[in-house]
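Below is one structure, written out as structure tokens, with a few remarks after it.
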Amino acid sequence: MSNPQDDAVSTFTAAQLSRIARHGIHTSPTSIDPAAVHLAEALIAALDGTAEQPTLPPDLRELTERVRQAADLGFPRITARDGVRLSAFSIRLRTDEPRPVVIVPSGWTPFGWGLFAYTYLQLALRGYHVLAYTPRGLGTTTFVPGKGYVDGPFTSGGTIDVAGPADWADGSTVIDYARQHLSPSRIAFLGESYGSGISQLVAAKDPDGRVDAVVALSTWGDLATSLLQGGTRHLAAVTLLVDFTGGPVERKFDAPTRQLLADFRAGENLGAVESWLKERSPASYRDTTNAREVPTFFSNTWHETLFPANQVIEHFDALTVPKHLNLWIGDHAAPEGAGLTIPFSGPNTPVEEAFAWLDHHVRDVGNDVPGWSPVSSQIMFTYETRTDPRSRKAEIVAPAAREPKPSWEAVTTATERWYLTAAASDDGRDGGLATEAETGWRREFTAGQPTEAVAVDAPMTTGQAEWNGTPKTYVTEKFDRQYLAVWTSAPLTADGEGAARRIRGIPELTLGVRSTAPATTLVAYLFDVGPDDTGRIVTHEPLTLTDLDPDQDRDATWRLQAAGYDVAGGHRLMLVVTSKDPLYSDASVDGSTTTITSPDGSAAVLTLPLG
């Protein structure tokens with residue numbers, strides 16, 4: 001992003017805003033739609049009064065003018081306790097009435113606090129002071145010949161602490177600044193992605209307990225479980241984060257952090273890596289959060305590729321504070337990203353509900369938040385549609401079909417056991433999923449090769465398409481049975497409302513395994529397969545096994561990621577187990593043989609949660 005004093009800002013079109021609304025703010029896992037960046041620049045230039053001529057649509061020009069007339073704006077540098085200077089932006093409402101402040105640590109992005117300028121305006125018009133800042137180390141840092149490395153205006157000094165103790169202390173320093181310059185009645189934190197984790201951690205670690213409410217969007221509860229689970233490292237997530245800081249690794253991270261990142265990539269010293277990640281996990285300080293009774297709002301996605309759903313659910317479930325959890329179709333930032341960035345023709349529900357949470361808990365607004373069920377699950381894959389008056393074609397507005405529940409435990413009302421069997425058809429190519437146990441069989445595949453069975457084509461962008469009504473489809477006939485194993489059910493019979501199975505909760509898989517190599521990785525996928533053999537993913541999860549004996553079966557049980565999914569009548573369940581997925585590290589040896597077994601007396605079984 002350019003300097004807010006730079007008035008060479010792009011002009012906007014309705015088509016650009018429509019594209020962001022439709023496709024989200026990410027054009028790839030490590031790039032932001034330039035139109036979203038330019039819109040933020042234009043808003044900031046308009047607020048600062050430095051735009052040479054109107055470049056914003058009339059409604060946004062009016063919005064910025066309303067805020068300028070009602071508030072004093074600032075672009076401070078907040079000095080941290082160790083001397084690091086944090087880039088920040090403030091909106092101080094001109095009023096003698098006590099007003100709360102919403103503090104917004106930016107997400108993990110080169111554009112720092114500037115990207116969500118639209119959000120700050122919305123918060124100001126709702127009656128909040130606003131103080132946004134870029135966490136230390138983040139932001140664009142560019143090499144300029146003759147000048148060395150130069151930081152952009154939204155870049156904070158120091159090196160990235162990955163939501164560690166320096167970030168907690170910075171959060172408290174930002175609170176100090178807010179109290180001195182904004183005189184807030186109460187203090188709330190709102191964060192998306194990286195900012196959401198920092199928000200939770202500051203609420204738990206601020207020495208004086210000064211945070212009155214938290215909104216955590218696309219967040220984590222346990223960072224260790226998010227990135228290092230089941231003996232499997234989430235390499236793609238860490239790689240894209242390292243590539244999206246805004247500058248070279250040697251400038252963005254100090255030497256100890258670079259070593260930890262290198263150990264993670266190499267699979268070495270993982271005990272130290274795990275401890276480092278646990279220190280940066282809100283779940284590690286849950287007792288403090290509970291004691292402080294900080295109302296906390298969570299919003300995540302079923303197919304989250306950065307911070308998978310189970311660890312957030314577990315953290316949420318153990319909190320005793322006023323709390324709410326939304327689970328949406330899609331992947332990281334898909335539901336709320338555009339809503340934080342651009343105006344919509346109608347409300348962006350994920351963001352509006354986050355604002356309603358703040359309104360109730362820090363502005364004492366008498367809204368419907370007290371009547372919300374603590375858990376709201378959006379069910380895959382139903383979508384709200386409308387008819388375009390010009391083309392008369394139906395178009396998807398947004399995913400629909402949400403189910404409120406009084407607790408996470410109430411999401412699952414029953415379980416069903418699907419036993420893996422030797423064969424589902426006469427040709428014996430695939431195994432079956434049946435309601436009666438069958439043991440004494442084995443299925444082999446060659447490990448170490450990628451296949452068409454993958455969780456996503458790309459983190460975030462596949463999930464954004466899913467959020468917008470086009471989930472990834474799989475041609476299951478292309479699954480190369482040489483490199484994976486498949487078990488399929490018979491077509492399922494629908495109930496009176498058209499659903500054959502209502503999957504609600506966390507599936508679990510138990511099977512026997514052996515390998516000709518001393519270690520192997522198993523990636524289990526559960527697909528919904530239609531009559532045309534086209535599949536859609538329900539859920540998945542990897543597991544890595546070590547110290548294997550080629551002559552001995554190892555029992556393996558692991559939980560797949562949580563799902564809220566309706567399988568239609570006539571569709572089949574398909575379980576696939578393979579050895580590689582681009583999201584993860586793997587211990588599979590290319591050319592080795594992995595054998596899935598169901599030894600006598602130990603049935604292999606998929607346990608499905610139903611609701």
Side-chain angles (χ1 to χ4, degrees), residues 411-445 453 474 476-477 479 481 484-515 522-541 543 545 552-578 594-611:
V411 169
T412 302
T413 59
T415 58
E416 179 179 56
R417 294 168 70 85
W418 286 93
Y419 294 95
L420 284 61
T421 65
S425 58
D426 294 338
D427 62 16
R429 188 177 67 146
D430 295 341
L433 291 174
T435 55
E436 297 293 330
E438 180 182 310
T439 60
W441 55 264
R442 62 184 55 227
R443 301 191 73 85
E444 297 181 347
F445 63 88
Y474 300 77
T476 59
E477 285 300 308
F479 292 169
R481 271 63 171 179
L484 50 74
V486 177
W487 294 264
T488 307
S489 74
L492 304 176
T493 302
D495 61 19
E497 297 179 357
R501 288 297 184 279
R502 302 179 190 274
I503 300 171
R504 304 289 190 273
I506 300 175
E508 185 176 271
L509 178 61
T510 296
L511 43 74
V513 60
R514 69 173 65 186
S515 173
L522 305 176
V523 189
Y525 308 85
L526 180 62
F527 293 102
D528 163 20
V529 179
D532 62 354
D533 292 326
T534 296
R536 291 178 176 174
I537 193 166
V538 179
T539 183
H540 83 287
E541 182 70 1
L543 175 71
L545 301 172
Q552 184 175 351
D553 291 327
R554 169 84 65 85
D555 289 334
T557 297
W558 71 106
R559 302 195 312 165
L560 280 59
Q561 290 299 317
Y565 194 106
D566 284 351
V567 181
H571 287 218
R572 293 167 290 145
L573 296 172
M574 176 181 283
L575 176 69
V576 174
V577 177
T578 185
T594 294
T595 304
I596 307 299
T597 66
S598 184
D600 291 338
S602 182
V605 61
L606 170 68
T607 302
L608 276 188
L610 304 177

Please list, chain by chain and in numerical order, all residues satisfying side chain to side chain donor-acceptor pair (under 3.5 Å) with [X], sequence neighbours excluded.
{"X": "Tyr474", "result": "none"}
{"X": "Thr594", "result": "Thr520"}
{"X": "Trp418", "result": "Glu416"}
{"X": "Glu508", "result": "none"}

Atom pair [atom1] ([X]) and [atom2] ([Y]), whose distance is rounded to the nearest 0.5 Å:
{"X": "Phe445", "Y": "Thr595", "atom1": "CZ", "atom2": "OG1", "result": "8.5 Å"}
{"X": "Arg504", "Y": "Thr412", "atom1": "CZ", "atom2": "OG1", "result": "9.5 Å"}
{"X": "Arg501", "Y": "Leu608", "atom1": "CZ", "atom2": "CG", "result": "8.0 Å"}
{"X": "Thr488", "Y": "Asp430", "atom1": "OG1", "atom2": "CG", "result": "5.0 Å"}

| query | Checking side chain to side chain contact (heavy atoms under 4.5 Å, CB included) for the pair Val577/Arg443: CA distance, chi angles, key distance, verdict? | reply | CA-CA 11 Å; Val577 177; Arg443 301 191 73 85; over 6 Å; no
| What do the steps show when you test Ile503 against Leu526 for side chain to side chain contact (heavy atoms under 4.5 Å, CB included), and what is the final call? | CA-CA 11 Å; Ile503 300 171; Leu526 180 62; 4.3 Å; yes
| With sequence neighbours excluded, residues passing ring-ring contact (aromatic ring centres under 6.0 Å, His included) with His540 |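 So His540 forms a ring-ring contact (aromatic ring centres under 6.0 Å, His included) with Tyr525, Tyr584.
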| query | Can you list the residues that meet the ring-ring contact (aromatic ring centres under 6.0 Å, His included) rule with Phe479, with sequence neighbours excluded? | reply | Phe527
What I'd like to find out is whether the side chain of [X] reaches to under 4.5 Å of the side chain of [Y], using heavy atoms alone.
{"X": "Ile596", "Y": "Trp487", "answer": "yes"}
{"X": "His571", "Y": "Arg536", "answer": "no"}
{"X": "Leu509", "Y": "Leu543", "answer": "no"}

| task | Taking side chain to side chain contact (heavy atoms under 4.5 Å, CB included) as the test, write out the residues that go with Thr413, two or more places apart. | result | none
| field | Asp533: partners by side chain to side chain contact (heavy atoms under 4.5 Å, CB included), with sequence neighbours left out | value | Thr476, Glu477, Val529, Arg572
| By salt bridge (charged side-chain N to carboxylate O under 4.0 Å, His left out) - contacts of Asp555 (at least two apart) | none
| field | Qualifying residues under salt bridge (charged side-chain N to carboxylate O under 4.0 Å, His left out), relative to Asp553, sequence neighbours excluded | value |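 Applying salt bridge (charged side-chain N to carboxylate O under 4.0 Å, His left out) to Asp553 gives Arg514.
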| Side chain Ser598, main chain Ala604, donor-acceptor under 3.5 Å | yes
| message | Strictly by salt bridge (Lys or Arg N to Asp or Glu O under 4.0 Å), give each pair with a member in residues 600-611 just once, sequence neighbours left out. | response | none
| said: Restricting to non-hydrogen atoms, name the atom on Val411 and the atom on Gly505 that form the minimum distance, rounded to 0.1 Å. | reply: CG1-N, 4.1 Å
| Gly570 and Pro491: which non-hydrogen atoms are nearest, and at how many Å? |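 Nearest pair, atom of Gly570 first, then Pro491: O-CB, 3.8 Å.
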Which donor-acceptor pairs under 3.5 Å do side chains of residues 433-442 form with protein atoms, sequence neighbours excluded?
| unit_1 | atom_1 | unit_2 | atom_2 | d |
| --- | --- | --- | --- | --- |
| Glu438 | OE2 | Ala422 | N | 2.9 |
| Trp441 | NE1 | Leu420 | O | 3.1 |
| Trp441 | NE1 | Glu438 | O | 3.0 |

| request: Please report the C-alpha distance between Leu522 and Leu511 in whole Å, then the side-chain angles of each, then the deciding distance to 0.1 Å, and finally whether the side chain to side chain contact (heavy atoms under 4.5 Å, CB included) criterion is met. | output: CA-CA 11 Å; Leu522 305 176; Leu511 43 74; 4.2 Å; yes
| message | Working note: Val513 + Arg554, criterion side chain to side chain contact (heavy atoms under 4.5 Å, CB included); need CA distance, chi angles, decisive distance, verdict. | response | CA-CA 5 Å; Val513 60; Arg554 169 84 65 85; 4.1 Å; yes
